[in-house]
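Heads up: the structure comes next, in structure tokens.
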Amino acid sequence: MTTPTLDLPNAFQPETVEAEMYRFWESHALFRPESQPAVPAEKQTQAGSNRFSLVIPPPNVTGTLHMGHALDYTIQDILTRWHRMRGDKTLWMPGCDHAGIATQSVVERALWDGRLEGQPAKTSRHDLGKEAFLNLVWQWADARKVDIINQFKRLGISPDWDRLRFTLDDGLSQAVREAFVTLYERGLIYQGQRIVNWCPQLRSAISDVETIYQEEDSFLWHIAYPLTEAVEGFPSALTVATTRPETMFGDVAVAVHPEDGRYQALIGKTVRLPLTDRFIPIIADESVEMDFGTGCLKITPAHDANDFEVGQRHGLQPVWCLDEDARLVKDDAVVPRSLQGVNRFEARQQVEALLEEAGLLVEKKPHTHRVGHCQRTGDVIEPFLSTQWFVNTQPLAQEALAALERGEIRFIPERWTKEYLRWMTHIQDWCISRQLWWGHAIPAWTCADCGHGPIVSRENPHTCPVCGSTHLQQDPDVLDTWFSSGLWPFSTMGWPNTQAPDYQTFYEHAHESADSPQSTYGTDVLVTGFDIIFFWVARMTMFGHAFTGRSPFHTVFIHGLIRDEKGQKMSKSKGNVMDPVQSIEKYGCDGFRFALTSLIAYGGQDIKISDDKLEQGKLFANKLWNASRFVLMNLYQADPSALKKLSPEAIIPETLSLMDRWILSRYHQTVAEANRLLEGFRFGELAQTLMDFTWNDFCDWYVEYAKKQLREPEMAFNTRCVLLTVLDGLLRLLHPIMPYITEALWQKLPNRSELSISISTYPVANPSYVQPELSQQVEFAIQTIRAIRNIRQEYTVAHATPVPVVVECPDSNEQAALREAEAIIQHFVRLSSLQVVAHLEVPIAQAGINVVGQSRVFIPLEGLIDVTAERQRLEKKQLELKKEQQKLYQMMDNHEFLQQAPAAIVEKNKARLTEVNHQLKGLEAQLESLSA
RNA sequence: GGGCGAUUGGCUCAGUGGUAGAGCACUUCCUUCACACGGAAGGGGUCACAAGUUCGAAUCUUGUAUCGCCCACCA
């Protein structure tokens, strides 16, 4: 540590500290759990467990940083930094998602528009071929990943970047394969012909949750299907009502309700399909609503989910009249020649015209109904009969639901539990195959010679087990991108290798609290928006139980969506998108983060963000800066020898003024309050509480009063100590929300009694391990130094560089400490033959956050309380309790109640009575002490 | 058709049984040595409506109204 200097400008300039502090943290490898020093027992919190882990919701590689990310990651960073400061071994796992559909379409478009280097415009992926195209996508994705991470770093967040994962990494791909094969072996993955949501633009199936339904105005066409024989008492044609006349060529029957009196005599007869010379039967099926339309339903099994089921019940072969591009098929047996190849929207008009011409269009009525759209492309979804891979989700959902019932997972706010429960209870099978190129290949093969298949295997098969042929063809499809996301909490930790260090340390034993020695969950918290509960959270819980036998996290914190100041969703088309990077540049990262945090309401309401709010965050950062500047300036006015003596422990309790006692008392209250709010995920209130204390109590009252006290020679010392104490704690309290400014200011505080040296060895060994030789060298060096120098504190070398070492610093003498540090570094260099970069500052994060009870000063409250008001308050409380006491006594005397009420209720009342009596005694004592 | 959420000062919103809160805006005053990106003082709300529970309700219960969101195979 160098002597702090006070070149503080009179307004906070975020840009001067942000980049520097981020480098400082990274050079200390502060985000790596391995470099975290063990926190001394007396600094550990009672509530704190010794592990904390969470995984980042991986952003799409296609994405750019938006406000939603900023909010989501700020919350996670607050939690991460808070736990780290409490001494928990903390891992925040970062990563990116390959985002199958999104990425492929973006690159495809860029390729077509000629925006990819070395590629001419108007090139399609088919022109390039699969391999060349995928190479392009990889190049593009790798470049994007770097961009995204650099953007995220602007948020000041602290995940362990060395562990960065990608859903298409080898390890994660292996996890995907293991998961797929395991589910297949358990009979929970199957291939089948089903109606899927088909996006013609993508030429791929998508899942139910990727289909967005919107109400649209359309028509109900009433079409006459002529009967092939005259039936007495009936007109010569049956009128069906449909919203999709263009699919009529796929009709295989007309259905009526079996109990519909109007059509009884017609069941089993035949009608001619208009515009064709095909004949289809009239069948009876209970799924037909008699009241809707004409009560006659055309059955199109290949293009409607309900019709498909009807067709199955009646053994009807489906007829496809639309192809993969949603154009009428070129098949004379199905579609009249003039309509072949016409797309579905034009076909609708042409069919209508033809029907009208033929006199078969009975009526065209306006009608609103829900139309599915592709979440990604916006194209109208075509229900389409096709062979795809599915996950049988019900058994998986049941396990997850059982865990929910056992209380192994909770949602905050709680109301989302119901949403999750409802969805999981009515869950449909999940279509996981996509007709794309970019993604995880499906590990299923078919024999090209004998047609045997599918062969599903962990290892690539070479011969057909039936005919011995070596001509095996892998399924051309890839998996839904959410399949790999669903494994994220444990695939990132090394699963399926359950012996992987991260899996052991941060997944399987994530929470070793006293009350749950047998942990039943993996990581601790998941933070996300409600919009992906079904896409992601539900899949993670199902997969978590299926593969690891535990909930992937015990708490799901759901936050609201970010909206603009008018409450509208931010979207490019509306032009109301706010760029977080721009906001950070304008208001400073700390101000920005503080503003965001202060807007998070506990109920998970949507968040309306505006420049006005961000401006407030900036003002607060500036206020904090200036308050600190005042304190520091006054501390450094003390002569150098006195400066060294300033510390919380040096406070002389006997001579504290009332104002000193008051601010210390308020400070301790605030610390307790802040920890309580953090435990309860009450971020908005946390920000409010801290701002209130900083601004109203500390700045407006104490600092103003301190000016006077500093002029009194006998009060100056205590005042300086109190200023230092409160500022020190305040900075630590605010650090999780405002990391940069607090770190920068904290570094300027005088008199850190111990000095931490973080020794980074370069080149840093890649990701999560150290080369054995390197590790041995470090170990050797440390051991040796340890033998001759006074090094305190645990250090870890097994899994990481750098190595944190703490040096005892005699007499708080900085110069001595500095010399000691230099000596150690020199030893280290000599002994390990490694290049060493040493940093001599201690990061605020390692200072701990729980400062309650640290002060030796007892802060009595007398003299500051308005005695009369307090007495009134206590008396009121006493009255209330006495009333309750009376009620309870009456209950206890009531024989009917005692006999008839459930035992639990009686017990509860008894317990309450004991507590009330206890409280009353306490109140009496308080009242007495007030009188005295 | 079901379910969920919201309704608090001019604006944006906190607050879940104990005397209505914050920021912005507004009024008046103050450039005094941390900060004018500041300070001091002040005005402004029968907490959507109705009924109920309670000694006491913004807060709990029921109903109503308005707005928003989610889910559902009436073609």
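Throughout, a chain's letter reflects where its sequence line sits, starting with A, and its residues are numbered from 1. The structure displayed is predicted, hence computed values, not measured ones.
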When you compare the side chains of A:Asp660 and A:Tyr705, does any donor N or O come within less than 3.5 Å of an acceptor on the partner?
no
Between the protein and nucleotides 31-33 of chain B, list every N/O to N/O distance that falls short of 3.5 Å.
none

Looking at RNA chain B, which of residues 242-255 of chain A put a heavy atom within less than 4.0 Å of it?
A:Thr242, A:Thr243
Determine the Euclidean distance between corresponding P atoms of B:rG45 and B:rG10; express it in Å to zero decimal places.
8 Å
For residues 285-303 of chain A, which residue pairs pass the salt bridge (charged side-chain N to carboxylate O under 4.0 Å, His left out) check, not counting sequence neighbours?
A:Asp251-A:Lys298, A:Asp285-A:Arg313
Phosphate contact (B:rG39 OP1 or OP2) by A:Trp695 side-chain N/O below 4.0 Å:
yes
Within the pair A:His367 and B:rA75, is there a side-chain N or O less than 4.0 Å away from OP1 or OP2?
yes
Please state the C1' separation for the pair B:rG18 and B:rG23 - nearest whole angstrom.
26 Å
Go through the side-chain N and O atoms of A:Asn696 and A:Trp701 and say whether any donor and acceptor fall under 3.5 Å apart.
no
How do A:Ser287 and A:Glu704 order along RNA chain B: which one's closest nucleotide is nearer the 5' end?
A:Glu704
Residues in side-chain contact (heavy atoms from CB on, under 4.5 Å) contact with A:Thr670, at least two apart in sequence or another chain:
A:Arg666, A:Thr689, A:Leu690, A:Phe693, A:Leu733
Ordered by number, residues from residues 605-612 of chain A within less than 4.0 Å of RNA chain B (heavy atoms) are A:Gln605, A:Lys608, A:Asp612
Give a yes/no verdict on a cation-pi contact between A:Lys623 and A:Phe698, requiring under 6.0 Å between NZ or CZ and the six-membered ring centre and an angle within 45° of the axis.
no
Worked verdict on A:His367 versus A:Lys365 for side chain to side chain contact (heavy atoms under 4.5 Å, CB included):
CA-CA 6 Å; A:His367 179 70; A:Lys365 279 207 281 193; 5.8 Å; no
Closer than 3.5 angstrom, by distance alone: can the side chain of A:Trp320 be matched with the main-chain N or O of A:Leu385 as a donor-acceptor pair?
yes
Taking OP1 and OP2 of B:rC70, is either one under 4.0 Å from a side-chain nitrogen or oxygen of A:Lys418?
no
Residue pair A:Gln388 / A:Ser386, side-chain heavy-atom distance below 4.5 Å:
yes
When the C1' atoms of B:rA25 and B:rG44 are considered, how many whole Å apart are they?
12 Å
Where along residues 613-621 of chain A does a heavy atom fall under 4.0 Å from RNA chain B?
A:Lys613, A:Gln616, A:Leu619
